[in-house]
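Only one structure is covered here, and it is reproduced in the block below.
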Amino acid sequence: MRGSLCLLLVVFIAGAWTQTYQYRVLVGDRDAQRGVLYYDYPSGASGVLGACPPPPNGRENFYYGIAIHPQTGEIYVANVLNHRIDVLDHDGNCLRSITGGLPNPHGIAIHPSGRKLVTSHNAFWMSEYDLSTGQWRFIAFARDEGDFNVVYLDGIYGIRWHPRGEFLYAGAIGGAAEIRADGDSLTNIVHCIASSSALSAVWDVTVADEEGEAIVIAGTDDVFRGPNQPRLRQVTAFQLPEGTSTRCMASALFAHPEPDRGGLLFGIERAPDGTYWMSNYNRGVLYQLDPTTGQVLRRVGLGQQKLGLGIAILLHCELHNGDVNLDGCVDDADLLSVLFMFGSTERFIREDTNCDGIVDDADLLTVLFNFGSGC
């Protein structure tokens, strides 16, 4: 008995930390109209997750922006041509659609509070939807100057919230913008905009890192360099301040991953393991990039058709130290939770502390090994 326990402990120590994350990369399908496509990391399985049916006499399901609700895990997708947001469950089953106030929704972002979502429209305005009241609100990025309006942020495409919900980050014509929030409501106050060129068009953005009082945004940048010149397509790092400073900077982060630099770099998202996932719009390709060098770690073909804008990460499992209920202390409550779920193979549960797909002795050992930590 003692030998079996020792062997189990050795296996736990040697193997429990080898696979930190299991997640699903989601991307919208445009031309083939298959709905939400998925790629499972690290297993390599891929396919079609699902879609909501188009309305009677409706148009094709062009799926663009994608966001995961932070509390429910539901998948929200911008259905561009049908002017609505489709909501799917983890398995791709259509739950409902949100309509009204949505001409051509492109990007989508859900506030960390889970109460409101924002959509962009490849224009100088965005729409905010209150998930509890069902009310839409229009937000214009233009000011009235008598006989005409001055647009100060246009062509807004991919959007992402600050992790604490204090700012919304947007890819737009001219660069990446940082837009202030008032609580969980978006304002039209552009705090800062960074650009690698006056002729940049940033398609999508993701939060890369926080450096002191600034946050770094990685964006897919498409720079026009003049007539008869090839466009410069790269990933750009935008350093945007979170405080009172309006000084923001941009610098090249990664070059185009294809040897011929072909295809438009479109959606981008940073995974929990720190790697970047990025799509090639024209070539139907999904890349996993090393966060330091930009080297292609995985190249996934999703068909020859064009892909939608958004990429979202649906976390299957996160390795942790046994704090199942996230109260900061590994204690009896966590031990009881693992015992209660013992033998379960259910997804998206923290009782599977080592991400091996089953709640078993190894998960009990995780709790016991770290018992009292943080208390």
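Nothing fancy with the numbering, it's 1 onward along the sequence.
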For this session: Consider only side-chain N and O atoms of Asn280 and Tyr287, and report whether a donor and an acceptor are under 3.5 Å apart.
Result: yes
Exercise. Taking the side chain from His106 and the backbone from Ala78, do they hold a donor-acceptor pair closer than 3.5 Å?
Worked result: no
Exercise. Mind checking whether His111 and Trp161 have parallel, tilted or perpendicular rings, split at 30° and 60°?
Worked result: perpendicular
Exercise. Would Asp86 and Tyr63 count as having a side-chain donor-acceptor pair, cut-off 3.5 Å?
Worked result: yes
Problem set entry | Glu74 side chain vs Thr72 backbone, donor-acceptor pair below 3.5 Å | no
Problem set entry | Between Gln234 and Thr236: side-chain donor-acceptor atoms closer than 3.5 Å | yes
Problem set entry | Flag for Asn82-Asn61: side-chain donor and acceptor within less than 3.5 Å | yes
Seminar exercise, completed: Heavy-atom closest pair (Pro112 atom, Arg164 atom, distance to 0.1 Å) is CG-C, 4.2 Å
Exercise. Between Tyr152 and Phe141, how do the two ring planes meet: parallel, tilted or perpendicular, split at 30° and 60°?
Worked result: perpendicular
For this session: Answer with yes or no whether the side chains of Thr220 and Asp204 bring together a donor and an acceptor at under 3.5 Å.
Result: no
Exercise. Please, which pairs that meet side chain to side chain donor-acceptor pair (under 3.5 Å) have at least one residue in residues 300-312, sequence neighbours excluded?
Worked result: none
Problem set entry | Donor-acceptor under 3.5 Å (His191 side chain, Pro241 main chain) | yes
For this session: Would you check if there is a donor-acceptor pair between the side chains of Thr187 and Asp182 at a distance under 3.5 Å?
Result: no
For this session: Using distance alone, with no hydrogens and no angle criterion, decide if Tyr41 and Arg298 have a side-chain donor and acceptor under 3.5 Å apart.
Result: no
Exercise. Which pair of heavy atoms, one from Ala194 and one from Leu240, lies closest together, and at what distance?
Worked result: CB-CD2, 3.8 Å
Problem set entry | Any donor-acceptor N or O pair under 3.5 Å, side chains His83, Thr99 | no
Exercise. Between the main-chain N or O of Arg24 and the side-chain N or O of Asp40, is there a donor-acceptor pair closer than 3.5 Å?
Worked result: no
Problem set entry | Donor-acceptor contact below 3.5 Å, side chain Asp363 vs main chain Asn354 | yes
For this session: Indicate whether the side chain of Arg30 and that of Tyr64 have a donor and an acceptor atom separated by less than 3.5 Å.
Result: yes
For this session: Tell me whether Leu339 is reachable from Val324 by hopping between hydrophobic residues (I, L, V, M, F, W, Y) whose side-chain heavy atoms are closer than 4.5 Å.
Result: yes
Problem set entry | Asn93 side chain vs Asp89 backbone, donor-acceptor pair below 3.5 Å | no
For this session: Would you confirm whether the ring centroid of Tyr39 sits within less than 6.0 angstrom of the ring centroid of Trp277?
Result: yes
Problem set entry | Residues, nucleotides or ligands: over 12 heavy atoms within 6.0 Å of Phe138 CZ | yes
For this session: Carefully, step by step, assess Glu128 and Arg115 under the rule salt bridge (charged side-chain N to carboxylate O under 4.0 Å, His left out).
Result: CA-CA 10 Å; Glu128 184 180 82; Arg115 292 189 291 266; over 6 Å; no
Problem set entry | Main-chain N/O of Gln295 paired with Thr293 side-chain donor or acceptor, under 3.5 Å | yes
